[in-house]
Protein chains: 2
Amino acid sequence: MATLTGVQKQYILHWGEMGTRWGINRTVAQIHALLYLSSRALPAEEIAETLSVARSNVSTSIRELETWGIVRAVHVLGDRREHYESMKDVWEMFRLVVEQRKRREIDPTREMLRRSLEELDPKEPGAEFTRERIAAMAGFFDAVTELHDQMKALPTGTVRKLLRMGAKVKRVKAI
Amino acid sequence: MATLTGVQKQYILHWGEMGTRWGINRTVAQIHALLYLSSRALPAEEIAETLSVARSNVSTSIRELETWGIVRAVHVLGDRREHYESMKDVWEMFRLVVEQRKRREIDPTREMLRRSLEELDPKEPGAEFTRERIAAMAGFFDAVTELHDQMKALPTGTVRKLLRMGAKVKRVKAI
DNA sequence: CTATAATTTCAGTTAAGACAGAATATACTG
DNA sequence: CAGTATATTCTGTCTTAACTGAAATTATAG
């Protein structure tokens with residue numbers, strides 16, 4: 001079992017807290033942090049010991065991280081256990097998470113809003129008002145989706161470049 | 001007490017669920033949804049009855065929404081109770097929330113990463129590796145902050161326009 | 001200033017989610 | 001194919017956060 005340095009502990013604990021604030025299980029986040037900081041793939045056993053959590057907890061959490069696509073199992077010669085390692089590319093990791101949270105949360109919300117607009121009975125009291133409000137929210141989510149798709153289509157650096165250019169809005173508009 | 005239509009119920013319940021997935025208290029989210037859909041400001045009492053939650057729970061939740069700056073108390077002539085209403089501008093609401101979550105969560109994380117890099121003892125085993133990893137993460141958070149600041153500085157529509165332009169990356173680069 | 005309405009705070013309870021450990025299943029080795 | 005190592009699933013326990021109701025505080029009206 002790898003003993004953690006102070007800095008590593010600090011990072012892992014902070015990451016765990018961050019996770020809980022964004023709806024991600026603390027252990028899941030901590031395991032990710034540990035693997036991210038690890039220079040070699042770790043077997044479940046070792047993860048459990050290092051973080052002082054149950055082996056079964058690690059199993060579930062790893063599976064969660066695997067479905068996100070940011071952790072994968074690798075094999076080490078002469079060891080039949082699975083060893084787990086984290087993706088190294090930070091941008092790519094966040095891109096994956098954002099894309100999937102969009103699919104799991106944004107998309108169903110748009111769906112709900114669309115359905116609401118359909119189901120709205122114009123005879124209900126205040127229907128017109130309700131429609132306006134829901135349509136405004138739907139418009140926002142549509143725009144976010146559009147934004148997401150456009151960003152996805154661009155190479156990472158380009159987005160930043162474009163925004164930097166945006167500071168000179170007048171010029172850009174003139175193009 | 002206003003009875004809710006089916007569409008309103010659907011919206012409020014969904015919004016509550018969304019909240020929990022993003023680390024926002026279910027009741028807080030539901031109250032926001034109710035106020036967002038309401039054509040008039042509502043007193044705490046009525047909110048409590050409509051959503052079937054305790055009056056005190058409403059009090060706490062409203063205060064939370066007030067600190068976000070997306071709900072405010074207004075007064076109705078001839079009624080000494082406070083009535084609460086939600087901001088109407090969807091973009092502005094999300095902008096406020098994003099800005100504050102950045103301050104509460106992203107900024108402290110950057111701080112932690114910076115501190116970690118300072119505290120790293122080069123003599124520790126694997127210090128160089130740890131430094132690389134943390135620096136990569138710090139770079140990401142710096143970039144996100146830069147992105148956030150740049151977007152904040154631009155009028156809403158411009159961001160979308162810029163990204164749409166980005167589809168023609170070559171041309172943009174040539175500018 | 002007193003009475004009453006409204007709001008907030010606080011202590012205790014409840015509910016949801018996280019977690020551990022046992023039981024089960026799967027995969028590997030000789 | 002038997003035995004063993006590893007991984008997963010499941011059930012109950014525990015922790016944490018949400019919520020309630022009562023008590024305390026604050027504000028308003030007469």
Side-chain angles (χ1 to χ4, degrees), chain A residues 1 12-35 41-68 71-85 104-105, chain B residues 1 12-35 41-68 71-85 104-105:
Chain A
M1 156 183 170
I12 290 168
L13 292 174
H14 186 101
W15 208 238
E17 286 316 305
M18 277 294 276
T20 61
R21 299 229 184 177
W22 290 87
I24 288 166
N25 181 294
R26 179 179 285 113
T27 307
V28 170
Q30 286 185 351
I31 290 177
H32 175 259
L34 173 62
L35 293 177
L42 304 178
E45 187 71 32
E46 190 171 341
I47 297 172
E49 284 171 12
T50 307
L51 299 177
S52 312
V53 296
R55 175 69 189 72
S56 57
N57 198 0
V58 172
S59 179
T60 316
S61 301
I62 288 280
R63 208 147 53 83
E64 171 86 8
L65 287 165
E66 281 177 331
T67 70
W68 288 107
V71 159
R72 61 172 187 168
V74 295
H75 288 276
V76 172
L77 281 177
D79 191 337
R80 73 201 228 194
R81 295 174 303 176
E82 309 231 41
H83 291 58
Y84 301 97
E85 68 177 13
R104 298 182 195 181
E105 290 146 22
Chain B
M1 157 181 169
I12 291 168
L13 291 174
H14 185 103
W15 207 238
E17 286 315 306
M18 278 293 277
T20 61
R21 299 228 184 179
W22 290 88
I24 288 165
N25 181 294
R26 180 179 282 115
T27 307
V28 171
Q30 286 184 351
I31 291 177
H32 176 260
L34 173 62
L35 294 178
L42 303 178
E45 187 71 31
E46 190 171 343
I47 296 172
E49 284 170 10
T50 308
L51 298 178
S52 312
V53 295
R55 174 69 188 72
S56 56
N57 197 0
V58 172
S59 178
T60 316
S61 300
I62 288 280
R63 207 145 54 82
E64 171 87 8
L65 287 165
E66 281 177 331
T67 69
W68 289 108
V71 159
R72 61 171 188 170
V74 295
H75 288 275
V76 172
L77 280 177
D79 191 337
R80 74 199 226 193
R81 295 174 303 177
E82 309 233 41
H83 290 59
Y84 301 96
E85 69 177 13
R104 297 181 196 184
E105 290 145 23

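In what follows, every heavy atom counts, from backbone to side chain, and hydrogens, waters and symmetry copies are set aside.
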Nearest-nucleotide pick for R81(B), side chain only, options being dA20(C), dA6(C), dT9(C): dA6(C)
Does a side-chain N or O from S59(B) land closer than 4.0 Å to OP1 or OP2 of dT8(C), or not? yes
Between atom CD1 in I62(A) and atom P in dT6(D), what is the gap in whole Å? 16 Å
Could you state the CD-C1' distance from E64(B) to dC19(D), rounded to the nearest angstrom? 15 Å
Atom pair distance, as rounded to whole Å: CD in E82(A) and C1' in dT8(D): 11 Å
Holding to side-chain contact (heavy atoms from CB on, under 4.5 Å), I want the full list of residues that pass it with A44(B), two or more places apart in sequence or in another chain. R55(B), V58(B), Y84(B)
Nearest-Å distance for atom pair CD1/P, residues I47(B) and dA6(C): 14 Å
Nucleotides 11-17 of chain C: protein proximity per nucleotide (B base, S sugar-phosphate only, - neither; heavy atom, under 4.0 Å): -------
Can you name the residues that form a side-chain contact (heavy atoms from CB on, under 4.5 Å) with T27(B), not counting sequence neighbours? N25(B), I31(B), V53(B), N57(B), S61(B)
Go through the steps to decide whether H75(A) and H83(A) satisfy the test side-chain contact (heavy atoms from CB on, under 4.5 Å), and finish with yes or no. CA-CA 6 Å; H75(A) 288 276; H83(A) 291 58; over 6 Å; no
Pick out the pairs of N or O atoms, protein on one side and nucleotides 22-30 of chain D on the other, that lie under 3.5 Å.
none

With sequence neighbours excluded, tell me which residues meet salt bridge (charged side-chain N to carboxylate O under 4.0 Å, His left out) with R21(B). E105(A)
Please enumerate all residues that pass side chain to side chain donor-acceptor pair (under 3.5 Å) together with R72(B), with sequence neighbours excluded. E85(B)
Without decimals, in angstroms, what is the distance between Y84(B) OH and dT7(C) C1'? 7 Å
Which is true for E45(B) with a 4.0 Å heavy-atom rule: it touches a base, it touches only sugar-phosphate, or it touches nothing? nothing
In Å and rounded to the nearest 0.5 Å, what is the CE to NE2 distance from M18(B) to H14(B)? 5.0 Å
The side chain to side chain donor-acceptor pair (under 3.5 Å) partners of E64(B) (sequence neighbours excluded) come to W68(B)
With sequence neighbours left out, the residues meeting salt bridge (charged side-chain N to carboxylate O under 4.0 Å, His left out) with R81(B) are D79(B)
5' precedence on DNA chain D between E17(A) and P43(A) (nearest-nucleotide basis): P43(A)
Rounded to the Å, how far apart are N57(B) CG and dA17(D) P? 16 Å
Using the closest heavy atom to pick a nucleotide of DNA chain D for each, name whichever of R55(B) or E66(A) lands nearer the 5' end. E66(A)
Rounded distance (Å) that lies between atom C1' of dT6(D) and atom CD of E46(A): 15 Å
How many Å lie between CG on L51(B) and P on dT20(D), as a whole number? 10 Å
Applying a 4.0 Å non-hydrogen cut-off, can you work out what R63(A) is touching in the nucleic acid: base, sugar-phosphate, or nothing? sugar-phosphate
Check side-chain contact (heavy atoms from CB on, under 4.5 Å) between T20(B) and all other residues, then give those that pass, not counting sequence neighbours. E17(B), R26(B)
